[in-house]
Structures are given as C-alpha cells and as structure tokens.
Amino acid sequence: MYQLSKWPFAILLTILFFAVFGRVQLAQARQVNIAPELPYVDITIAGKTVRIERNQDLKHRLTNGFSKTSRACPPFCVHPMKAAIGVETVAEIEVIRFLKTRVEDKSGLLIDARLPFFFKNGTIPGSVNIPFNLFSHKDNPYFERILAVLGAVKKPSKEWDFSKAMGLMLFCNGPWCDQSPRAIKNLIASGYPANRIFYYRGGMQNWQALGFNIIKP
Amino acid sequence: MNNAQISDANREFYTRKQPSTQSNPIQTSGKWSEKVFTSKIKLALASAGVGLVALLIGAGAAAFVIPPENNSQIQAIVEDRSVDQKPIKIASAGVLAVIPGTSSNTLRQIKTAETIVPRQAESGLNPYAKTQRLPARQKSLPAPLPVPDFQAPVSSQKNTGLSKLTDNVVSTLERLKKQENKKDTENLTTTTKDLREAISALVTQATTKGKSGAYIQTLINDALAGRDAVPSALANSDGKLDTRLLLATVLPTKNITKVGKPDSEYLSTLESESRVLSSKNLNDDKTNRKTKKRYIIVRLGDNLSKIAMRAYGDPLAYPKIYRANKKLLINANTVDIGQRLLIPR
C-alpha cells in the first residue's frame with residue numbers, strides 16, 4: 001500500500017514542476033523586448049501578417065555591412081535631425097506605431113526611399129520601395145502617377161490638391177544616408193504637405209543595430 | 001496610499017504572528033503520509049487535491065511571470081497619437097474603401113449619413129478598441145488629418161474613357177486568373193505586363209482627369225464586384241486590389257535608377273556601397289584604396305558561383321572571376337580558403 005502511494009505523488013510533483021518552472025522558462029525565452037511588456041508587434045498588411053521583433057540572442061552582433069563606421073563624406077555625410085521644416089523625425093517605436101495604425105488601414109505608407117539594389121537585400125517589414133529619384137519632378141514621367149496613387153488630386157488648373165494625400169514615413173540606410181532626405185525635399189518642393197511626411201533618421205542602420213528583424217522582399 | 005503607509009502595512013504583514021499549526025493532525029508526529037493515507041479513497045482524494053493545488057500554483061506563476069501580449073502597454077504605445085494623425089471621422093469613405101468586407105454601397109450609405117463616431121471604440125475595426133487613453137495624451141492630440149478620399153463613382157458621372165480603361169483592366173485580370181488556374185506559366189509573364197500597362201494607362205488617364213489613387217481603386221474594385229476575377233497571387237485578403245499593387249504598376253520596371261537623371265557619380269557610389277552592405281562578412285570584401293581593385297577572400301564553404309553571387313549578385317557571373325584569377329586557380333571547381341580573388345568590374 002505504502003509503495004503504491006509513492007507513484008501518484010511522483011507524477012503530481014512532476015506536473016507541478018513543469019507547471020511552474022516550464023512556464024517560467026518559456027517566459028524567460030523572450031528577454032529582448034521592444035519596450036517594457038511589449039515583446040513583439042504583429043502587423044497585417046495586404047492579408048499577410050509580419051511579426052516585428054528583436055533578435056533574442058543576447059550575444060548577437062552585427063557583422064554585415066552595417067557594422068561599418070566610416071564612409072567617405074561626401075556623399076555619405078551625417079545628417080541633422082530635421083530633414084526639412086515641418087517634417088517630424090521619428091524613432092523605431094513611432095515606426096512600429098505608424099505601421100500598426102496607419103499602414104495597416106492603408107492611410108499611410110512606410111517608404112524605403114533607397115535604390116532597388118539596397119531594398120532587395122533587406123528592408124523593414126511592411127515597407128514599400130519608392131527610390132528617391134522617383135520623387136524628383138524634373139525629367140520624371142512617373143512622378144505624377146505616383147502622386148495620384150498617394151492620394152493627391154490634380155486640379156484642372158494643373159495644381160495639385162494634397163488635402164486627401166496619404167501620410168508618408170521615409171527612411172533609408174541611416175543617419176549617414178542621403179536618399180530619404182533627398183526624397184523628402186523633392187516631395188515638399190512638389191507641394192506635398194510637410195506635416196504628412198515623417199523621417200525615420202535611424203533607417204536600416206539603427207533598425208538593425210537594435211536587433212529588429214528585416215525581411216527580404 | 002503613500003510610501004509611509006505602504007511600509008507600515010508591510011511591517012504589520014511581516015511582523016504579524018503566523019497562525020498556530022498545532023491543531024493540524026498532519027504535522028503532529030511521525031510520517032504523516034503513512035498515518036493519513038490508510039485507504040485508497042483517501043489517497044485518491046489527496047492526489048486530486050494536490051493536483052488542483054499544483055495547477056493553481058502553475059497558473060498563478062504563469063500569470064505572474066509571462067508578460068501578457070496584448071496588454072495596456074501595447075495599447076498605449078500603439079494608440080499614442082503623436083505620430084498617428086488619423087481622423088476621428090469614420091465616415092470618410094477613403095478608409096472604408098480598403099477595409100475588408102465593406103462594399104462600396106455601404107460606403108456610400110455611410111458617407112451620406114455623415115455619421116461621426118469615435119474611431120476606436122465603436123467601429124470595431126481596431127483590435128485595441130477598448131483602450132482608454134491617458135488624459136495627458138489626449139490633450140496633445142494633433143488636429144485630425146484627412147485620409148485619402150475620393151468622389152464615389154456615380155452612374156451620372158460619365159467617364160467613358162475611364163470606364164473603358166477599367167474594363168480593360170478587369171478583362172486582363174480575368175485572363176490572368178484563367179492562366180493562373182491552368183498553370184499556364186509561359187503566358188503569365190506577358191499577361192502581367194499587359195495588366196501593368198492597362199492599370200498604368202488607367203492611372204495616367206485618371207490623373208489627368210483630376211482623380212486620385214483611391215478613386216481608381218474603387219473604380220476597379222467596383223467593376224470587379226461579384227466577379228471573382230482577382231488572381232490569388234495579387235489579391236488582398238478581401239479579394240480586392242490595394243494601393244501597393246497600384247503603386248507597383250506606376251513605378252518603372254527598367255532603368256529605375258536613371259529616372260529623374262540623378263548624379264551619375266552619386267549613383268555609382270551608392271551601388272558600390274550597396275555591395276558592401278549586402279556582404280555577409282565585411283572583411284571578406286575589400287577594395288584597395290589606391291589601385292581601386294576589389295578583392296574577395298575565400299571563406300569556408302565558398303565556391304566560385306557563391307563568390308560571384310556576393311560580388312555581382314549573379315551566380316552565373318563566375319567565369320568573369322575565374323578568368324581574372326586564372327593564375328591562382330587550378331580550375332573553376334576548386335578555390336582554397338583564404339585565397340584573395342580579384343573581382344573585375
């Protein structure tokens with residue numbers, strides 16, 4: 001009788017052990033959160049769900065080209081905080097919030113303003129590629145159609161009405177990258193309202209330095 | 001409760017005398033398990049009890065340790081409007097046009113009704129609908145920003161040119177869908193080109209007529225309504241075309257870097273920088289500053305086509321590297337670890 005009574009206890013103790021410590025371990029597996037109690041954010045764009053999270057390897061370091069510190073200036077010069085007057089500069093949390101609140105319901109676009117050969121090597125999940133040179137309004141047959149897709153309306157007087165235009169958030173390779181500031185300046189020169197443009201200065205450099213995941217389109 | 005009160009309460013809690021356990025028969029003397037579990041029924045009851053306690057402890061611990069995912073923090077972060085300047089006016093059809101399961105008829109109804117509802121709480125569109133924002137944040141809310149809007153296509157508006165072009169888009173889509181079903185991969189590429197041209201023509205025409213992208217979207221989606229013509233590869237989750245596809249059709253496919261005539265010197269530096277950024281290990285790929293010759297160092301697991309991929313983004317470009325390094329390489333199949341291969345431009 002006594003011998004028999006040992007087994008249920010053993011099993012129950014095992015269950016208890018896993019119930020307590022197993023769950024604790026699971027919880028500890030995600031140590032690198034985005035913000036306190038914000039482990040990741042799932043974003044659904046065009047029916048596909050992408051998860052934005054950070055690298056959980058506490059020993060991970062960047063070994064790719066973004067670990068490079070020195071590039072010739074010009075053209076790779078350090079950019080000031082503001083890309084243009086009226087354009088708000090944002091950081092990673094705002095990028096994620098923009099994706100969640102405005103890109104998800106299609107009232108905004110996260111634009112990777114780099115040339116396609118940068119874009120194809122990896123970008124922020126949820127972004128679209130419109131290279132900076134496509135925003136120049138000189139010698140560019142595509143510019144008007146891009147503006148139309150972004151929600152601008154060409155009036156009969158050939159002026160553009162931006163009252164219903166989308167919110168745009170632009171980024172490129174990082175604080176040393178000239179591509180998104182160029183795009184922003186061109187957009188503003190065309191009349192796009194500055195308060196609807198956001199500049200993620202950190203770009204791919206800071207995005208990856210913080211261990212955020214990137215996707216290859 | 002202020003700090004002093006908390007510490008008082010804590011002191012009381014920790015100094016309070018624990019209730020006496022003398023009355024408990026289990027802990028009186030000897031091996032308690034032998035004394036208590038004399039019958040099978042008692043054993044079963046006790047096991048069940050311990051099991052229940054185990055579950056409760058487990059659940060409690062889990063609730064305490066595991067961070068809940070969609071909690072207030074996410075809501076607070078996602079809801080903060082310092083960046084998000086979405087309007088509160090839900091009646092704007094531009095938003096609804098792209099919300100799954102909202103047909104354009106309902107849009108028009110809502111638009112005419114001009115209902116203004118708090119976006120998050122009542123529309124049920126936002127997963128974090130029940131959020132309560134902090135008053136401080138509410139104060140700093142920026143003025144609402146209008147979202148892409150459009151004039152709903154009404155039959156009285158005669159845009160014959162546009163409707164023809166829309167029909168063209170729809171028929172191309174249907175053709176694409178048929179080919180996709182037949183797995184006719186050869187014709188798929190030409191048809192996607194046709195589709196690109198068809199949508200592009202529509203966008204150009206609409207732009208000159210003073211219409212925006214949102215208008216074109218509704219025009220196409222209205223024409224597609226009830227037809228199931230959108231190929232699955234292109235369809236959104238709601239079976240409709242979206243801004244991204246529209247955008248893809250208006251962007252150039254070839255010579256994208258030459259549009260707008262950017263500075264050619266700047267372009268070439270960008271291109272070489274992109275190669276640096278794409279290299280997995282920075283030290284593998286070096287350009288001599290004086291001679292401006294580029295070298296790649298062979299690593300474990302490399303072969304010539306992998307190096308060609310790293311150098312040019314094209315695995316089939318390996319003969320170029322082989323030719324330039326003929327003296328170093330015995331044949332194109334063997335490379336040695338640590339070899340420094342010249343990469344011709």
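Below, chain A is the first sequence line, B the second, and so on; all start at residue 1.
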### Query
Hey, does the side chain of Asn140(A) reach the backbone of Val259(B) with a donor-acceptor pair shorter than 3.5 angstrom?
no
### Message
Using heavy-atom distances under 4.5 Å, tell me whether Ser200(B) contacts chain A through its side chain, its backbone, both, or neither.
### Response
both
## Note on the structure
Applying a strict 4.5 Å limit to non-hydrogen atoms, the region of Ile216(B) in contact with chain A is neither
### Query
How many angstroms lie between atom OG of Ser274(B) and atom CG of Leu115(A), to the nearest 0.5 angstrom?
8.5 Å
### Query
If you round to the nearest 0.5 Å, how far is OG of Ser212(B) from CG of Asp161(A)?
9.5 Å
### Query
At their closest point, which heavy atom of Val153(A) faces which heavy atom of Lys211(B), and how far apart are they?
CG1-N, 4.3 Å
### Query
Is the number of heavy atoms from other residues, nucleotides or ligands under 6.0 Å of Lys155(A) NZ greater than 12?
yes
### Region of Phe132(A) that comes under 4.5 Å of a non-hydrogen atom in chain B
side chain
### Task
Identify which part of Asp139(A) has an atom lying under 4.5 Å from any heavy atom of chain B, answering side chain, backbone, both or neither.
both
### Query
Which value, rounded to the nearest 0.5 Å, describes the distance between Leu251(B) atom CG and Tyr142(A) atom OH?
9.0 Å
### Query
With a 4.0 Å cut-off, would you call Lys68(A) and Glu273(B) a salt bridge?
yes
### Most contacts with chain A, counted as non-hydrogen pairs under 4.5 angstrom, among Asp263(B), Thr249(B), Leu247(B)
Leu247(B)
### Task
Side chain from CB out, backbone as N, CA, C, O: work out which of these in Phe76(A) comes under 4.5 Å of a heavy atom of chain B, or both, or neither.
side chain
### Side chain to side chain, Thr208(B) and Lys154(A), heavy atoms closer than 4.5 Å
no
### Task
Measure distances from Asn173(A) to the heavy atoms of chain B and classify the residue's part below 4.5 Å as side chain, backbone, both or neither.
side chain
#### Entry: Validation row: Ile256(B), Phe117(A) side chains within 4.5 angstrom (heavy atoms)
no
### Query
Between Pro156(A), Ala148(A), Ser136(A), which residue shows the highest count of heavy-atom pairs closer than 4.5 Å to chain B?
Ala148(A)
### Message
Cation-pi check for Tyr266(B) against Arg182(A): NZ or CZ below 6.0 Å from the six-membered ring centre and within 45 degrees of the axis, yes or no?
### Response
yes
### Query
What closest approach, in Å, do Thr207(B) and Glu144(A) show between heavy atoms, and which atom pair accounts for it?
CG2-O, 3.9 Å
### Query
If we only count heavy atoms from C-beta on, is the Leu134(A) to Pro252(B) side-chain gap below 4.5 Å?
yes
### Query
Tell me, side chain or backbone of Leu147(A) under 4.5 Å from chain B's heavy atoms, or both, or neither?
neither
### Query
By a 4.5 Å heavy-atom criterion (distance strictly below it), what part of Arg71(A) contacts chain B: side chain, backbone, both, or neither?
side chain
## Note on the structure
Separation between SG (Cys177(A)) and CG (Leu270(B)), nearest 0.5 Å, reads 7.0 Å
